[in-house]
Every structure is written in structure tokens, then in C-alpha cells.
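Worksheet for the structure shown next.
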Amino acid sequence: METNNQYNPTLSATEVRSARRVELTTFVILAFGIWPILAVAAVGSFGFLVWMYQIVAGPPGPPA
């Protein structure tokens, strides 16, 4: 089903409103739900990776 009424003039106003509501809901879920969680997971994963590397290789700096 097309969501843009200019490409498919047979869509009723109710179908267009329904499609817009689905798009808005999808955007809100992505923008305020999934992407922030993925961003926190990526930063946390990088921090964990650095922490594990420093446990194995020692802290950065000149050798003692």
C-alpha cells in the first residue's frame, strides 16, 4: 500500500491518516526507543573493550 496520496489517488483520507499514524509511531519508536538503546550499548561495549584490554596489556603510559 502506498502511503503518499499523490502517487495513488485511490486511497481514502482515512487510509492516508492511518498510514501517517503508522509512520509517526515507527519514527517515535526508532527515535526515542531503539536508537538511544543502541547508542548506549555501543558506548558501553567500547568502554568494556578498553577495560578488558587494559586488564590484559596494563594501563597506558611509560613502562615502569
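FYI, the numbering just counts along the sequence from 1.
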**OP:** For side chain to side chain contact (heavy atoms under 4.5 Å, CB included), just list the numbers for Thr25 and Arg21, CA-CA rounded to whole Å, side-chain angles, deciding distance to a tenth of an Å, and then say yes or no.
**Re:** CA-CA 6 Å; Thr25 303; Arg21 179 172 288 145; 4.2 Å; yes
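- The same ILVMFWY cluster, assembled from side-chain heavy atoms under 4.5 Å apart, contains both Leu30 and Leu38.
- Here the side chain of Ser18 pairs no donor or acceptor atom with the backbone of Thr14 at under 3.5 angstrom.
- Ile55 is listed as a side-chain neighbour of Trp51, based on a closest heavy-atom distance under 4.5 Å.
- Both Phe32 and Leu24 belong to a single network of hydrophobic side chains, linked directly or stepwise wherever heavy atoms of I, L, V, M, F, W or Y lie under 4.5 Å apart.
- Taking CD from Glu15 and OG1 from Thr10, the interatomic distance works out to 7.5 Å, rounded to the nearest 0.5 Å.
- Nearest heavy atom pair, residue Trp35 against residue Ala31, reads CD1-N, 4.4 Å.
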